[in-house]
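All remarks here apply to the structure that follows.
First listed ligand is number 1; within each ligand, the first listed atom is number 1. Treat the numbers as computed from the prediction; the structure is a model and nothing was measured.
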Amino acid sequence: MEAVNRAELAGKLAEIEHRMRQAEVRGAVASYIPELAKVDPARFAVAVALPDGTVLQAGDAATPFSIQSISKVFTLAIALGRLGDQLWSRVGREPSGLAFNSILQLEQENGIPRNPFVNAGAIVVTDAILAGHQPRAVLGELLHFIRLAAGDDDIHINRAVAVSEQATAHRNIALAEFMAAMGNLRNPSALTIGTYVHQCAVEMTAIQLARAGLFLVNAPGCPRLVAPARIRRINALMMMCGHYDGSGEFAYRVGLPGKSGVGGGILAIVPGRASIAVWSPGLNTNGNSKLGTEALEHLARATGWSVFG
Ligand code: GLU
């Protein structure tokens, strides 16, 4: 991978922001969580955190947004820290090729979700870290982990977003109840889903998210919250499953491990080099940020950053 000059990189981010601001087709803001439907689709941010903690940015990089499914990366790291490989008896490591909230495979595959990033899998991960703890303690641990990774204590849960998702969480409740029927849920579904919607309602700015992703970069200077072997595996899962049924397309176009959220954020990791956060609220048909993906594609091309050489 090519080394990148910081001034050049800053110029490229400004250029990408300019291009994304002009885009007329911006995708559709998620509306199934009513609170997210209120977000202005014209927003755009990109931030790149380097291992020494420097952050280069452009656009609305200091505006908090709902990280939604990007939280699944942090809960997975916590669950693997707590349970190790035992977690894999309850959730798989294969791409699903289906929508984020699909229930189809669950019945065919005996209540074991395909991977920790589809909703069913993330619900199992949350259920696993909830065992023996109160939701408040689990959410406190999650915030502690994220704040430590980002080196920033000003990261919080937006209760209005959590309440808004809870009120419309019928599909996620159905997934949890189905897994309960198959013996793959340890807590009452209301407790697990209540915790899950709060974890998804964590708000961060692109700057904070880029910094928080440094724990997956695995370079000197980055926060050491997870062992290197585990970092590689989390990155592998992000590459294969981080964009639901759009994961292959993301790997083809961007070539970096990434995790998207329906708030329009994407966290992408350049192993050994950088952590990137982008935010544009409009989504493509797979539920991934449309312009966020385009911005990452431009940035990867401009920098030569790719895990594929
Ligand atoms: N909280 C969202 C849900 O469960 C997360 C989905 C996403 O960000 O992709 O529907």
Side-chain angles (χ1 to χ4, degrees), residues 27-39 64-76 91 95-104 106 113-127 130 135 138-139 142 146 157-179 185 189-204 206 209 237-238 240-247 249-250 258-268 277-290 292-293:
V29 173
S31 56
Y32 74 99
I33 299 175
E35 203 63 20
L36 293 185
K38 298 179 183 166
V39 180
F65 62 89
S66 194
I67 68 167
Q68 291 296 317
S69 282
I70 304 169
S71 66
K72 296 170 181 175
V73 174
F74 302 108
T75 48
L76 176 64
V91 59
S96 69
L98 289 171
F100 68 101
N101 57 5
S102 176
I103 198 164
L104 270 178
L106 265 190
R114 273 285 171 101
N115 67 65
F117 294 147
V118 288
N119 281 10
I123 290 166
V124 162
V125 169
T126 300
D127 186 67
L130 195 51
V138 168
L139 294 168
L142 172 66
I146 295 176
I157 291 171
N158 182 325
R159 308 253 162 230
V161 172
V163 168
S164 169
E165 181 170 355
Q166 180 81 60
T168 55
H170 311 294
R171 280 191 82 101
N172 285 333
I173 293 167
L175 292 171
E177 283 294 334
F178 186 79
M179 292 190 288
L185 208 74
S189 68
L191 218 57
T192 301
I193 294 298
T195 310
Y196 171 81
V197 299
H198 281 80
Q199 93 182 36
C200 290
V202 169
E203 276 190 347
M204 295 170 82
L209 183 60
L237 289 162
M238 288 170 74
M240 301 305 294
C241 317
H243 282 72
Y244 311 117
D245 44 343
S247 298
E249 182 70 8
F250 186 84
K259 181 72 205 87
S260 69
V262 291
I266 302 177
L267 172 66
V278 289
W279 174 47
S280 172
L283 308 178
N284 62 23
T285 47
N286 301 125
N288 304 312
S289 175
K290 182 178 187 308
T293 307

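At a 4.0 Å heavy-atom cut-off, the residues surrounding ligand 1 are Y32, Q68, S69, F100, N119, E165, N172, Y196, C200, Y244, G261, V262, listed by chain and number.
Aromatic ring orientation, F100 versus Y32: tilted (interplanar angle from 30° to 60°).
Counting heavy atoms from C-beta on, the side chains of Q68 and V161 come closer than 4.5 Å.
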Just distance, no hydrogens or angles: give the donor-acceptor pairs under 3.5 Å from side chains in residues 193-202, sequence neighbours left out.
{"residue": "T195", "atom": "OG1", "partner": "L191", "partner atom": "O", "Å": "2.7"}
{"residue": "Y196", "atom": "OH", "partner": "N119", "partner atom": "OD1", "Å": "3.2"}
{"residue": "H198", "atom": "ND1", "partner": "G194", "partner atom": "O", "Å": "2.7"}
{"residue": "Q199", "atom": "OE1", "partner": "T126", "partner atom": "OG1", "Å": "2.7"}
{"residue": "Q199", "atom": "NE2", "partner": "S71", "partner atom": "OG", "Å": "3.3"}

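Qualifying side chain to side chain donor-acceptor pair (under 3.5 Å) partners for N158, counting only residues two or more places apart in sequence or in other chains: E203. Under the side chain to side chain donor-acceptor pair (under 3.5 Å) criterion, S260 pairs with N288, sequence neighbours left out.
Side-chain atoms of S289 do not come within 3.5 Å of backbone N or O of W279 as any donor-acceptor pair.
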